[in-house]
Amino acid sequence: MKPYVICLMHSSLDGRTHPSRWRPKGAGTDWFETIHEELGGDAWVIGRVTGSEFAKGKPYPTETHETFPRQNWFARRDAKTYGVVLDAQGKIGWGRSDIGGDPIVVVLTESVPDSHLAGLRGEGVSYIFAGKSEIDLALVLDILNRELGVKRLLVEGGGVANGAFLRAGLIDEFNLILSPAIDGATGAPFVFSSTEADGDKRAPIAAMTLESMRELGGGVLLLRYLIRNDPPAAGR
């Protein structure tokens with residue numbers, strides 16, 4: 001069963017997501033965690049770049065004498081909430097097993113070396129496999145639901161990860177915390193983005209409905225949109 005997927009992001013009026021660049025400074029930047037808690041997900045997911053910002057360790061050794069089957073491995077299955085990180089090639093050395101008390105679950109591809117799996121196991125970091133060389137996001141959702149009971153997933157960036165979920169037609173709801181600030185310069189990430197390879201692909205969005213608009217104070221708005229996606233094309 002597919003979890004209900006909510007994308008939650010916080011941006012300036014021009015859709016940029018690095019508050020340090022916004023002007024005026026500090027405009028409504030303290031709402032994200034509050035809304036995150038209100039939405040009550042069983043798990044939240046971020047991409048590799050954002051995940052790297054939480055890492056405290058160095059890359060794992062490149063060699064090991066151990067071999068591991070390409071099977072999902074869980075250090076914990078009893079958590080209230082999980083922090084899921086997309087790391088297809090196994091680049092992140094964690095130096096921790098949780099983020100804010102939420103156990104980390106890394107999403108890998110089968111191309112990841114045994115040495116990286118040894119590093120994850122040594123730190124008590126759970127991992128799942130969702131593809132040979134590229135991550136299949138629909139498979140990720142299926143595994144999270146089947147193995148960990150995730151029924152409500154929060155997609156929380158960065159822009160490339162958000163965009164991948166959007167183009168896969170997997171986002172059911174978009175919650176945007178909109179601050180009265182502007183970035184106004186090149187180089188900052190957007191709420192939704194893509195790699196160059198996916199630059200011409202469009203999301204299969206059939207309709208978006210404004211479900212609610214809430215004033216959070218200080219000119220900050222919370223916009224909640226429901227998304228209806230086109231059904232997958234035959235053969236997909």
Side-chain angles (χ1 to χ4, degrees), residues 1-3 5 36 41-165 167-168 170 189 193-198:
M1 185 175 121
K2 174 187 170 297
V5 178
H36 170 94
D42 303 310
W44 48 268
V45 60
I46 54 179
R48 181 186 61 81
V49 174
T50 305
S52 297
E53 297 173 4
F54 292 98
K56 294 183 176 180
K58 297 179 180 179
Y60 301 131
T62 57
E63 295 183 2
T64 182
H65 296 298
E66 299 179 275
T67 57
F68 302 99
R70 295 313 188 253
Q71 297 174 352
N72 305 327
W73 183 84
F74 298 98
R76 288 185 59 184
R77 291 177 179 266
D78 60 346
K80 180 181 177 182
T81 310
Y82 298 90
V84 181
V85 183
L86 307 177
D87 188 17
Q89 307 307 320
K91 301 293 186 182
I92 303 175
W94 284 101
R96 64 193 302 175
S97 62
D98 68 87
I99 299 173
D102 299 337
I104 299 167
V105 179
V106 180
V107 181
L108 306 169
T109 60
E110 295 178 18
S111 63
V112 170
D114 288 314
S115 57
H116 190 76
L117 303 182
L120 293 174
R121 287 181 178 229
E123 294 188 324
V125 176
S126 301
Y127 57 81
I128 64 176
F129 292 99
K132 294 286 186 182
S133 58
E134 295 183 359
I135 289 176
D136 179 339
L137 293 176
L139 180 56
V140 173
L141 298 187
D142 178 69
I143 294 171
L144 292 177
N145 175 259
R146 175 164 33 90
E147 298 281 4
L148 298 176
V150 174
K151 297 179 180 178
R152 191 172 173 90
L153 177 70
L154 306 182
V155 175
E156 298 180 339
V160 172
N162 293 345
F165 274 95
R167 286 187 297 278
L170 297 173
S193 188
S194 71
T195 62
E196 286 190 16
D198 291 330

- Item | Inter- and intrachain pairs under salt bridge (Lys or Arg N to Asp or Glu O under 4.0 Å), touching residues 99-117, at least two apart | Arg70-Asp114, Glu110-Lys132

- Note on the structure: Minimal heavy-atom distance between Val107 and Ala130, with the atoms involved, is CG1-CB, 4.0 Å

- Message: If you compare all heavy atoms of Gly131 against all heavy atoms of Leu139, which two are closest, and at what distance to 0.1 Å?
- Response: N-CD2, 4.3 Å

- Task: Salt-bridge test for Lys91 and Asp87: reply yes if a basic N is under 4.0 Å from a carboxylate O, no otherwise.
- Result: no

- Query: Is Asp42 close to Tyr82 at the side-chain level, that is, under 4.5 Å between some pair of heavy atoms?
  - Reply: no

- Message: Phe129 vs Val140, test: side-chain contact (heavy atoms from CB on, under 4.5 Å). Steps then yes/no.
- Response: CA-CA 8 Å; Phe129 292 99; Val140 173; over 6 Å; no

- Message: For Pro3 versus Arg152, what's the shortest heavy-atom pair and its separation?
- Response: CB-N, 4.1 Å

- Message: Heavy-atom count check: over 12 atoms from other residues, nucleotides or ligands less than 6.0 Å from Lys2 NZ?
- Response: yes

- Task: Look up atom CD in Gln89 and atom CG in Leu108, then write down how far apart they are to the nearest 0.5 Å.
- Result: 9.0 Å

- Query: Under a 4.5 Å cut-off applied to non-hydrogen side-chain atoms, are Leu153 and Leu141 in contact?
  - Reply: yes

- For Tyr127 and Arg121, what are the C-alpha separation, side-chain angles and deciding distance, and is it a side-chain contact (heavy atoms from CB on, under 4.5 Å)? CA-CA 9 Å; Tyr127 57 81; Arg121 287 181 178 229; 2.8 Å; yes

- Message: Please determine whether side-chain contact (heavy atoms from CB on, under 4.5 Å) holds for the pair Val85 and Arg48, giving the CA-CA distance in whole Å, both sets of side-chain angles, and the decisive distance to 0.1 Å.
- Response: CA-CA 6 Å; Val85 183; Arg48 181 186 61 81; 5.6 Å; no

- Item | Non-hydrogen side-chain atoms of Leu137 and Leu86 separated by less than 4.5 Å | yes

- Just by distance, do the side chain of Thr50 and the backbone of Ile46 share a donor-acceptor pair under 3.5 Å? no

- Query: For the residue pair Tyr60 and Gly95, what are the closest heavy atoms and their distance?
  - Reply: OH-N, 4.4 Å

- Query: Is the side chain of Ser115 donor-acceptor paired with the backbone N or O of Pro61 at a distance under 3.5 Å, no angle test?
  - Reply: yes

- Message: For Trp44 and Phe54, take the angle between the two ring planes, folded into 0 to 90°, and tell me which bin it lands in: parallel under 30, tilted 30 to 60, perpendicular over 60.
- Response: tilted

- Heavy atoms of Ser111 and Ala88 approach each other most closely as OG-O, 4.5 Å

- Task: Flag the pair Val106 / Ile92 as yes when at least one side-chain heavy-atom distance between them is below 4.5 Å, and no otherwise.
- Result: no

- Could you pull out all residues at least two apart from Arg76 that satisfy salt bridge (Lys or Arg N to Asp or Glu O under 4.0 Å)? Asp78

- Query: Counting only N and O atoms by type, is there a donor-acceptor contact under 3.5 Å from the side chain of Glu156 to the main-chain atoms of Val45?
  - Reply: no

- Task: Work out which heavy atom in Ile128 is nearest to a heavy atom in Asn72; give both atom names and the distance.
- Result: CA-OD1, 3.2 Å

- Task: Test side-chain contact (heavy atoms from CB on, under 4.5 Å) on Phe68 and Leu120 and set out the steps.
- Result: CA-CA 12 Å; Phe68 302 99; Leu120 293 174; over 6 Å; no

- Sidechain N-carboxylate O distance under 4.0 Å for Arg77, Glu147: yes

- Query: Using a distance-only test with no angle check, is there a side-chain donor-acceptor pair under 3.5 angstrom linking Glu134 and Thr109?
  - Reply: no

- Message: Side chains of Trp73 and Val125, heavy atoms from C-beta outward: is any pair under 4.5 Å?
- Response: no

